[in-house]
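Written below as structure tokens is the structure these notes are about.
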Protein chains: 2
Amino acid sequence: MTSSNERAADRAYRMIRADIMSGDLEGGSRLGEANMAERYGLSRTPVREALRRLQSEGLIEALPHRGARVVDWRSLDIAAIYDLRAVVEGFFVRRAAITMPDSEIDRLSGLCDTVERRTAELSLRDPELIDLTAEFNREFHGSIARAAGGEIFAAVRGSVVIGPLVLRTVHDYTREDQQRSNRHHREILAAFRARSPEWAESVMLAHVYSAKTRLLEGREQLLGPASVEAS
Amino acid sequence: MTSSNERAADRAYRMIRADIMSGDLEGGSRLGEANMAERYGLSRTPVREALRRLQSEGLIEALPHRGARVVDWRSLDIAAIYDLRAVVEGFFVRRAAITMPDSEIDRLSGLCDTVERRTAELSLRDPELIDLTAEFNREFHGSIARAAGGEIFAAVRGSVVIGPLVLRTVHDYTREDQQRSNRHHREILAAFRARSPEWAESVMLAHVYSAKTRLLEGREQLLGPASVEAS
DNA sequence: CAGCCGCGAGTTGCATACAGTTTGGGACGG
DNA sequence: CCGTCCCAAACTGTATGCAACTCGCGGCTG
């Protein structure tokens, strides 16, 4: 009963987001409210709310009275965003290593189990796996932020982590990337159990910087080497 | 043309936010959409949008079908928020020391002139001075964030710096606090001119930690010493 | 007397009608 | 032939009516 229990606004949010991720909506595409409403069989109200949410998460940008456009993530200063993310997530994980309760560490460990099992079962590009991985990352790192400083920290993290970048990262995973990412998560939990902020932060920095490198390499392929030099 | 050009949703956002910061809406107050709509002479639609925005910024919390409540800022972990702010603003100022153009440094310097002049002219508790100081702080630190990484960084800063906390800080300024704050701003600009990230960051950290201390002392007065120990 | 069931009040969530604004094209004038 | 002005279409922004859901209170039953 997912569809009946879920709010229409949430459904609209998920569907639009999925279409952006799948590339069905290219960067620069124009999103009209009426257009979207008809496309997903809803009225404009929930679509409007979904667009506002996507806007605050940085997936789309809204022009006054001229509709919304899908953000072209390639134009963002990816290096800067990831450097900021490293600083912030490093700070969070340092605190969480002290404050996160054992029960929550166990819960995250259980989530790791699930992800690793599905990773082994599903094919590399399976949409279900991509979705699961993205969702797990949100949950894992969000939980760390929450343990470090409550809902406000989680909200701050949400504004630092731009959606398209995460999706692109997950989408371009190789098997090796997947396994390294999973190992990072495991090691962070190990550092939590040892209550070692320094250890936890070191792993987290490796985790973020590896993602940054992967993303920059991906951009190099898409745009050509010249553009990378420019930055 | 401010009010006619501005969207009703933005007006609702500003007004509700102002009423929260001014203490007109106490922490824990119940906010009904219809209630707010009548209060500000608007319909429910823009109010609804404003509430969603305030929720995503952490100023209010929404219950499923029972309306929204103002978050009690005194219950927030102020120390944690300011520690995070120190990390983030330190990162910003480090980068801005390299990237901020001379023209922008000059502009901020001019703003400092104005603030210092008005500080000398007006009485300590003059609402105009409090307003001016709060606005100047937003502009000064916002400009640093923008120089460090564009609009995205400015948005992140906005989510870290909770409105009520800043206003409370400014409201409780003593003459000495004012002058120290102004000297900090001047010294940051001096570090920018010298293009020294380390110098700039050191001053910024002093700036943030002094504000944190002031706020914690203020809370001690409001809640009594016992509550401070509890944290 | 205690616990459960059901109904009513009140609130949010959704759909739709209406108004204001922007933009682009076409016609007219130079 | 080109530039300018105006109008209409399309869109967002706003208001309001209606439906769905939650919670609390009162009465009924064991």
Side-chain angles (χ1 to χ4, degrees), chain A residues 1-20 24-72 151 155, chain B residues 1-20 25-72 151:
Chain A
M1 288 305 159
T2 353
S3 46
S4 59
N5 237 358
E6 195 184 27
R7 294 190 319 153
D10 292 334
R11 221 172 5 175
Y13 169 78
R14 274 195 313 103
M15 294 172 103
I16 298 175
R17 191 165 145 280
D19 283 348
I20 292 176
D24 203 347
L25 293 171
E26 280 294 328
S29 301
R30 280 198 138 68
L31 307 173
E33 292 180 4
N35 189 2
M36 297 279 110
E38 192 191 8
R39 174 171 182 159
Y40 301 113
L42 299 167
S43 86
R44 280 180 48 210
T45 309
V47 169
R48 184 182 176 79
E49 186 174 327
L51 289 177
R52 288 305 229 255
R53 209 166 135 196
L54 290 165
Q55 181 189 357
S56 81
E57 292 178 9
L59 272 80
I60 67 177
E61 56 189 351
L63 294 80
H65 282 289
R66 295 221 301 149
R69 274 192 331 206
V70 178
V71 162
D72 185 4
E151 282 306 320
Chain B
M1 289 295 195
T2 352
S3 46
S4 57
N5 238 357
E6 193 183 27
R7 295 188 318 153
D10 292 334
R11 221 175 13 190
Y13 169 78
R14 274 195 312 102
M15 292 173 103
I16 297 175
R17 195 161 174 275
D19 282 349
I20 291 176
L25 292 171
E26 281 293 329
S29 301
R30 286 258 202 307
L31 306 173
E33 290 179 4
N35 188 4
M36 296 282 108
E38 192 191 9
R39 172 170 184 159
Y40 300 113
L42 300 166
S43 86
R44 280 179 46 211
T45 309
V47 170
R48 182 184 177 80
E49 186 174 327
L51 289 178
R52 289 306 236 258
R53 212 167 133 195
L54 289 165
Q55 182 190 355
S56 81
E57 292 178 11
L59 271 77
I60 66 176
E61 52 191 353
L63 292 80
H65 271 82
R66 299 220 298 149
R69 276 194 326 211
V70 178
V71 168
D72 185 2
E151 283 305 321

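Below, chain A is the first sequence line, B the second, and so on; all start at residue 1. Hydrogens, waters and symmetry mates play no part in the numbers below; they use all other heavy atoms, side chains included.
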Is there a side-chain contact between A/Arg7 and the phosphate of C/dG13, meaning an N or O under 4.0 Å from OP1 or OP2? yes
From CD of B/Glu33 across to P of D/dA15 the rounded distance in Å is 13 Å
Here the gap from B/Ile60 atom CD1 to B/Ile16 atom CD1, rounded to the nearest 0.5 Å, amounts to 7.0 Å
inquiry  = Under 4.0 Å, counting only non-hydrogen atoms across every strand here, what does A/Leu51 touch: a base, just sugar-phosphate, or nothing?
reply    = nothing
Which of A/Arg53, A/Glu49, A/Arg52 passes side-chain contact (heavy atoms from CB on, under 4.5 Å) with B/Arg52? It is A/Glu49
Ignoring backbone atoms, test whether A/Arg44 places a side-chain nitrogen or oxygen under 4.0 Å from the OP1 or OP2 oxygen of C/dA15.
no
Decide yes or no for A/Leu31 and A/Leu54: does some side-chain heavy atom of the first lie under 4.5 Å from some side-chain heavy atom of the second?
-> no
Side-chain atoms of B/Arg66 come closest, of D/dC23, D/dT14, C/dT16, to D/dC23
Side-chain contact check for B/Arg48: nearest option of D/dT14, D/dG24, C/dT12 is C/dT12
Here the distance between atom C1' of D/dG13 and atom CG of B/Leu42, to the nearest Å, is 12 Å
Practice task
Please state whether the phosphate of C/dT12, meaning OP1 or OP2, lies under 4.0 angstrom from any side-chain nitrogen or oxygen of B/Arg52.
Solution key: no
One should read off an interatomic distance between A/Met15 CE and A/Arg17 CZ, to the nearest 0.5 angstrom, of 13.5 Å
Note to self: On the nucleotide D/dA15, are OP1 or OP2 found under 4.0 Å from the side-chain N or O atoms that B/Ser43 carries?
What the structure shows: yes
